[in-house]
Amino acid sequence: MDDLRDKYIDLIGKAADEAALEDLRVQAVGKKGEISLQMRSLGKMSPEERQVMGPKLNALKDEINSALGAKKAALADAALNERLAAEWLDVTLPARGTRRGSIHPVSQVWEECTAIFADMGFAVAEGPQVETDWYNFDALNIPGHHPARAEMDTFYMHRATGDERPPHVLRTHTSPVQIRSMEAGGAPTRIICPGRVYRADYDQTHTPMFHQVEGLAIDKDISMANLKWVLEEFFSAYFGRSVKTRFRASHFPFTEPSAEVDIQCQWKDGSVTVGEGDDWLEVLGSGMVHPKVLQAGGIDPSEWQGFAFGMGIDRIAMLKYGIPDLRAFFDSDLRWLRHYGFASLDVPTLHGGLSR
Ligand code: PHE
């Protein structure tokens, strides 16, 4: 029996493939295999002999069977490894998903504003976010002692000790770009300036950085009526429906007369719908450009006049797309961005109805 065992263990160890192994199985433990035949001979033995030989033969059979099983698994592993090495490119695997980014609502609305005002003949101007004291305040008729400076919660840049020049500021509004574009292009002019602005303020509707779009139109016979038409035209295009506006007399140092503009809206169950109802929501400041501001920009106020406005981009984005909290705009939470973001091909155009 030991010879039988050694012979098969040896042969199994040497088997080159599954077919050879199957032949061995038949030879050893198949119906007419050597070990099976031995087991059949148990019947002719005396009970005493059988008691000794029976368990031995069974153990041998078990041992051969498990050797066959182990070898079979080893052969299969080797075959798989060989295939893996040869077929390293598995074309049956599912493709890797590509993560697509989305356009932030601020960028989308920025583009929407640009498209609408461009259609009315406004070019896009830009200015620096770190601004001199002069452009941000003085040129806009806000002198050093003026309360508007304190009200704006300005961020001041650092100045080296001993440097007595007034500090630069993070611009508190896009209005300094009025001056810069007057200087650069003179009159007549028609520009908007979308951009980032900064104020030290933080709650559900205020963040220290936010966005405005400035508008400036200068010509020989521009009036408040033109301002009103342009804004109403803008809101109808932007909200895709006619929107009533309300002009409230107000005060800005850089416009005279000045008006704050509200749009018609309705509050219902804590959410707001623009273009219906009898509530009003303030969305911008505006007015006729102050003669001193024209002068600061190098334009003769006896010859030219114009209107200007400054509108909160984030504010109108919240209104149009039903986004409740401004702070989430700048949290960079991917779930928020995927929910409120726009597909990169959803480019706002007037003929496309701006956006869906
Ligand atoms: N700059 C003003 C603000 O930030 C808005 C404004 C712009 C008002 C232009 C009048 C004219 O509040």
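We count ligands from 1, going down the list as the structure has it; atoms in each ligand are counted the same way.
- Shown here for Pro166 and Asp133, the closest heavy-atom pair between the two residues is CB-OD2, 3.7 Å.
- If you number the atoms of ligand 1 from 1 as listed, the ones under 4.0 Å from a heavy atom of Ser175 come out as 1 (N), 7 (C).
- For the pair Gln178 and ligand 1, the shortest N or O to N or O distance does not fall below 3.5 Å.
- Residue Glu34 is tested with Arg25, Lys7, Arg5 for a salt bridge (Lys or Arg N to Asp or Glu O under 4.0 Å); the sole match is Lys7.
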How far apart are the C-alpha atoms of Lys14 and Asp10, what are their side-chain angles, what is the distance that settles it, and do they pass the salt bridge (charged side-chain N to carboxylate O under 4.0 Å, His left out) test? CA-CA 6 Å; Lys14 286 184 186 143; Asp10 182 52; 3.0 Å; yes
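- An N or O contact shorter than 3.5 Å links His173 to ligand 1 by distance.
- When only non-hydrogen protein atoms are considered, atom 7 (C) of ligand 1 lies nearest to Gly310 N, 3.2 Å.
- The nearest protein atom to atom 2 (C) of ligand 1, hydrogens excluded, is given as Phe254 CZ, 3.7 Å; this is a heavy-atom distance.
- Relative ring orientation between Phe117 and Phe122 is described as perpendicular, the plane-to-plane angle rising above 60° on a 0-90° scale split at 30° and 60°.
- The shortest contact between atom 12 (O) of ligand 1 and any protein heavy atom is with Arg199 NH2, 3.9 Å.
- Judged by the 6.0 Å distance and 45° axis criteria, Arg180 is positioned over the aromatic ring of Tyr135.
- Using the six-membered ring where Trp is involved, His173 and Phe254 have ring planes that are perpendicular, over 60° apart on the 30 and 60° scheme.
- Under the 30°/60° scheme for interplanar angles, the aromatic rings of Phe239 and Phe235 are found to lie parallel.
- Considering backbone and side-chain atoms together, Gln212 places an N or O closer than 3.5 Å to an N or O of ligand 1.
- Heavy atoms of Met311 come nearer than 4.0 angstrom to ligand 1 in no pair at all.
- Close contacts between ligand 1 and Gly285 involve ligand atoms 6 (C), 7 (C), 8 (C), 10 (C), 11 (C) [criterion: under 4.0 Å to a heavy atom].
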